[in-house]
Amino acid sequence: MVFEKLKKIIAEQLEVEEDEIKMESSFQDDLDADSLDVVELIMAIEDEFDLEIPDEEAEKIKTVKDAVEYIQNNMK
Amino acid sequence: MFKTVICDLLNIQYPIIQGGMAWVATSELAAAVSNAGGLGIIGCGNAPVDVIEKEIFKIKKMTSKPFGVNVMLLSPYVDEIMELLYREKVPVITTGAGNPGKYISKFKEIGTKVLPVVPSVALAKRMEKVGADALIVEGTEAGGHIGELTTMALVPQVVDSVNIPVIAAGGIADGRGFVAALALGAKGVQIGTRFVCTKECIAHENYKKMILKAGDRDAVVTGRVTGHPVRSIKNKLTKKFIKLEKEGTDKETIEKLGIGTLRNAVLNGDVENGSVMAGQISGLIKEIKTCKEVIEDIINEARKVKESL
């Protein structure tokens with residue numbers, strides 16, 4: 001379910017269609033985000049999933065899969 | 001007059017800090033700015049750690065006032081440089097080209113103030129959360145690597161989103177710009193291009209002359225396709241970039257063309273084939289002054305401007 005919820009957030013933040021978002025999509029390479037878009041996305045994920053993602057973890061989140069795994073492993 | 005929280009935070013007389021420009025912002029320039037009551041900053045760019053170590057050694061001999069070092073976070077030497085700055089207990093660090101979050105807590109332990117340069121509200125909020133002491137909010141008017149938003153639009157938006165002090169940068173070179181920045185809610189300014197055209201700056205004479213000669217439309221942007229756009233004074237190099245970009249050349253080729261060009265302009269004075277990075281405010285700069293004159297003129301003009309409002 002994390003993936004479904006995340007897809008909505010990504011679609012809204014990056015202004016892409018939900019069906020363009022795959023597990024293996026890279027935010028910057030496939031979904032045309034720049035580094036500042038990724039910062040906004042990470043912050044939206046923090047809000048939606050009630051998480052605190054430290055910067056050293058955030059910089060490892062490059063694909064949808066990375067985000068899903070991080071969220072699943074750290075959800076309260 | 002014009003004493004702000006930035007003066008207290010950084011222990012300086014005037015809330016004016018000098019931009020950490022690669023190659024240009026050496027210990028000579030930084031020491032002169034610090035001695036004149038502002039905050040001088042050594043720019044690391046892509047320089048290796050031994051070069052920066054020497055610069056820190058030199059500046060400590062030239063001034064007893066606080067100074068800073070700007071770290072370019074995309075530098076291949078970033079971790080080593082951060083270790084050096086920690087060892088040397090450098091009073092202030094400014095950062096560019098990314099998110100310095102993971103380094104901040106360590107510097108807090110030794111009282112080093114960390115001021116990230118931010119080009120957006122989201123990054124500003126994030127930096128506040130991880131403990132940045134203040135933010136440098138830089139508009140696209142600036143020289144060198146730039147963001148998208150203007151100083152006029154970005155500064156008040158960041159000021160409204162965070163509770164830490166904001167320093168405005170990009171397009172500021174005189175007392176009018178200084179007062180305008182304070183009016184937008186900033187507590188200080190960062191100035192780059194104006195300090196290039198000073199006696200103490202080691203940039204090649206040709207580089208300084210190119211800025212003095214520049215008019216309002218001469219500071220152009222290249223490299224948008226690479227995702228790392230750069231503002232510099234129009235010359236053979238910028239024309240070549242623009243032609244290649246129009247032809248749809250791939251970003252690797254364009255990025256490669258940029259390598260070594262700033263050094264070539266700053267040190268060798270090749271201002272046709274080199275990159276003369278400078279801001280939109282270049283057209284306003286008409287003479288070489290000392291750093292002390294630059295700062296005092298800004299403050300004196302700012303006083304008059306404030307009274308005349």
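Side-chain atoms of A/Met43 and B/Leu123, non-hydrogen and from C-beta on, never get closer than 4.5 Å to each other. In this structure the side chain of A/Val39 never reaches within 4.5 angstrom of the side chain of B/Ser120, judged on heavy atoms.
Of the two parts of A/Glu46, only the side chain, counted from C-beta on, holds a non-hydrogen atom closer than 4.5 Å to a non-hydrogen atom of chain B.
Remark: B/Lys240 NZ is loosely packed, at most 12 non-hydrogen atoms of other residues, nucleotides or ligands lying under 6.0 Å away. Open room surrounds CD on A/Glu15; 12 or fewer heavy atoms of other groups in view lie less than 6.0 Å from it. Other residues, nucleotides and ligands place more than 12 heavy atoms under 6.0 Å from the CD atom of B/Glu255. In B/Lys251, the NZ atom is not crowded: 12 or fewer heavy atoms of neighbouring residues, nucleotides or ligands sit closer than 6.0 Å. Annotation for B/Lys239: atom NZ does not count as buried by contact number, only 12 or fewer foreign heavy atoms lying within 6.0 Å.
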| message | Please evaluate residues B/Met127 and A/Asp55 with respect to the criterion side chain to side chain contact (heavy atoms under 4.5 Å, CB included), reporting the C-alpha separation (whole Å), side-chain torsions for both, the decisive distance (0.1 Å), and the verdict. | response | CA-CA 10 Å; B/Met127 291 298 96; A/Asp55 285 315; 4.3 Å; yes

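Comparing A/Ile42, A/Asp34, A/Leu36 by heavy-atom pairs within less than 4.5 Å of chain B, the highest count is held by A/Leu36.
A salt bridge does not link A/Glu40 to B/Arg126: none of the charged nitrogens lies less than 4.0 Å from a carboxylate oxygen.
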